[in-house]
Each structure stands twice: as structure tokens, then as C-alpha cells.
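Inspection log for the structure reproduced underneath, given as C-alpha cells.
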2 protein chains.
Amino acid sequence: MTKSRFLGEFEQYVILAVLRLDQQAYGSSIRQLLHDVIHRDVSIGALYTTLSRLEEKGLVESKMGEATAQRGGRAKKFFVVTGAGKQALQQSRQALDAMWRDVKLAFIEVAR
Amino acid sequence: MTKSRFLGEFEQYVILAVLRLDQQAYGSSIRQLLHDVIHRDVSIGALYTTLSRLEEKGLVESKMGEATAQRGGRAKKFFVVTGAGKQALQQSRQALDAMWRDVKLAFIEVAR
DNA sequence: CTATTATTACTACAATGTAGAGTATTGGTA
DNA sequence: TACCAATACTCTACATTGTAGTAATAATAG
């Protein structure tokens, strides 16, 4: 057991994006997905910083793509979520669900 | 519209706790709820810092309780979530739900 | 009036969020 | 071959959020 920290808010989104993109998750595609799904436009630099930190913590892993790209450009770095990453994500999910329980009823009445 | 930022991870928990506690949300009770529901033990100082910041941003409001407490101790400061707070919370919720969509299937298979 | 207890305020620092400029790699083209 | 456009990643710096610890404040029992 390493010291289990909590996932930051943006970290969760990034992990989810990597999961959704399956084997096709790399800087640009992740950024695009975040834009399409939650309309969150983050700079590419910001994204890479988060990806690096997640990798340091062992929550995602990366491997370089084929050296020869289709039409120019540097090789892609593909990311996948590790078991630890999935576990951390699940814990975050469960905690949030637990906190939302019972709130919904009281909340929905007033929130319109 | 003020510049709509995103809620931090812990900020969400605190807002949810205040909602759940309805009219009874103050330092100690919030802390207790966080402990009971998600087993997260945060220092009282950390909690107040976050509450203050939420208040600055207009996401929660506070009012002092009756001066005379039941059996000693200072008057409590009760917190409630503002409309803006509920809205911010809802947005965070929706964004996360949107990101989780489609992921579940692929995720659940592997996550055990 | 003091010990006790409950609560808030202040200070400081660590972790996460975020942007922007810079560097690398490769195909096409003059 | 030299250079430019296209694509992708890296580095640096700073803002915001997360967190603890300690000091200060209040109220009451005894």
C-alpha cells in the first residue's frame, strides 16, 4: 500500500478520458474528448502536466507509438490506466456517490 | 456571471455535507459527517479554510447561531449553500456523469 | 476566576490546476 | 539537401485548492 491520496477533480476527468479512448489515448485526443464531452478547454501543457503526475503516481502508464507517423509529426505517446488507477477512480466514485445519497431528494426540490 | 470556475474535489464534499446537514451545518458537524460517510478525516483547520473560500466565492453563506449554547462553548456558525453553490455542484455532477457514460461497461469488466 | 470544552481565525506549506513558450520529429517540396 | 509545415511532446512558472497546526475566542461549571 502506497499512501493512498485522493484524486483531484481534473485528474478524474483525465483518467476517465484515457479509459474511454481505450488504446487511442494521447495528448491531443484526450484534449479533444474533454472538449467534446464536458466542454472543458484545457491547454495542452496543462494536460501533459497532469498526465505526467498521474504516471508518477502509477495511475497511468505510457508507451511511445510507432516511430513512423502517417504524415509528419512526432511519435505519439499513448496512455493507459493501470489497475491502481482504476481502483483510485472507483474509490472517488464511491465516495461521491455516498455523499450524494439522501441529498438528491432535498436538493432537487430547490434547485430549479 | 462571475468567472465560473470548477469546484475542487474537496469543495464538492463540503458543499454536499452542508446540504445534507440542512440547518445544522457547522464546523464540527460537517467534519463528523465527512468522517462517517466517506471516512475522510480532515483537520478542523483545513475544513474552515475551505468553508471560508467557498463563502468568498458566494457558494455558501453563514450566520452565527444563538449566543447561548446548551452547555458551554462558543456560538456556532451555521452554513447554508447558496443558489450559486447548488448550481456549481450540479454542473460538476453533470460533467462527471457525462464522462462516466460509456466508461462503465468497459470499466466494470476489468476492474475486479 | 479558572479549568474545561467547543469553536473559529490565522499562518504556512504541499498538491493540484493551468497556461504559454519552446523543442523534437518527420514528410513534403523547391 | 535545406527548409518549412504539421504534429506532438517537454519545460518552466505561477494560481488555486488541499491540509495541518496552533493561537485565539467564548461560554459555563464549579
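Each chain gets a letter, A, B and so on, in the order the sequences are listed, and its residues count up from 1.
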Enumerate the salt bridge (charged side-chain N to carboxylate O under 4.0 Å, His left out) contacts for residues 15-27 of chain A, please, sequence neighbours excluded, ordered by first and then second residue. A/R20-B/D102

Give a yes or no answer on whether the side chain of B/S62 reaches the backbone of B/K77 with a donor-acceptor pair at less than 3.5 Å. no

Give me the atom names and distance for the closest heavy-atom approach of A/Y13 to A/L34. O-CD1, 4.0 Å

Distances under 3.5 Å between nitrogen or oxygen atoms of protein and nucleotides 2-5 of chain D:
none

Specify the separation, in whole Å, of atom CG of B/L34 and atom P of D/dA20. 11 Å

Send over the distance from A/L51 CG to D/dC11 P, rounded to a whole Å. 14 Å

Is A/T49 close enough to C/dT18 that one of its side-chain N or O atoms is under 4.0 Å from OP1 or OP2 there? no

Using a heavy-atom cut-off of under 4.0 Å over every strand shown, decide if B/L47 touches base, sugar-phosphate, or nothing. nothing

Which of these nucleotides, C/dG17, D/dG21, D/dG18, is closest to any side-chain atom of B/S43? D/dG21

Which is true for B/G27 with a 4.0 Å heavy-atom rule: it touches a base, it touches only sugar-phosphate, or it touches nothing? sugar-phosphate

Shared ILVMFWY cluster between A/F78 and A/V18, side chains joined below 4.5 angstrom? no

Out of curiosity, A/L16 CG to B/L96 CG, how far, rounded to the nearest 0.5 Å? 6.5 Å

Whole angstroms only, please: what is the CD1-C1' distance between B/I44 and C/dT11? 17 Å

Most 5' of B/Q12 and A/M64 on DNA chain D, judged by nearest nucleotide: A/M64

In whole Å, what is the span from the CZ atom of A/F10 to the P atom of C/dT16? 13 Å

Between A/K77 and B/A46, which residue's closest nucleotide on DNA chain D lies nearer the 5′ terminus? A/K77

Atom pair distance, as rounded to whole Å: CD in A/E9 and C1' in D/dT16: 12 Å

Between B/R31 and C/dT7, does any side-chain N or O lie under 4.0 Å from OP1 or OP2? no

Separation of B/T50 OG1 from B/I15 CD1 (nearest 0.5 Å): 10.5 Å

Please state how far atom CG in B/L54 lies from atom C1' in D/dT19, giving the value in whole angstrom units. 15 Å

Protein-nucleotide distance (B/Y26, atom OH; C/dT5, atom C1'), rounded to Å: 13 Å

Grab the CD1-C1' distance between A/I30 and D/dA8 for me, whole Å please. 12 Å

Selected nucleotide, minimal atom distance to B/K76 side chain, candidates C/dG17, D/dG18, C/dT7: C/dT7

Side chain of B/R53: nearest nucleotide among C/dG17, D/dA8, C/dA12? C/dA12

Select one nucleotide: of D/dA20, D/dT7, D/dG18, the one nearest the side-chain heavy atoms of A/R74. D/dT7

Do A/M64 and A/V81 land in one hydrophobic cluster if side-chain heavy atoms of ILVMFWY residues count as linked below 4.5 Å? no

So, is A/K57 close to the C/dT16 phosphate, meaning a side-chain N or O under 4.0 Å from OP1 or OP2? yes

So does B/E9 pair up with B/R40, basic N to acidic O under 4.0 Å? yes

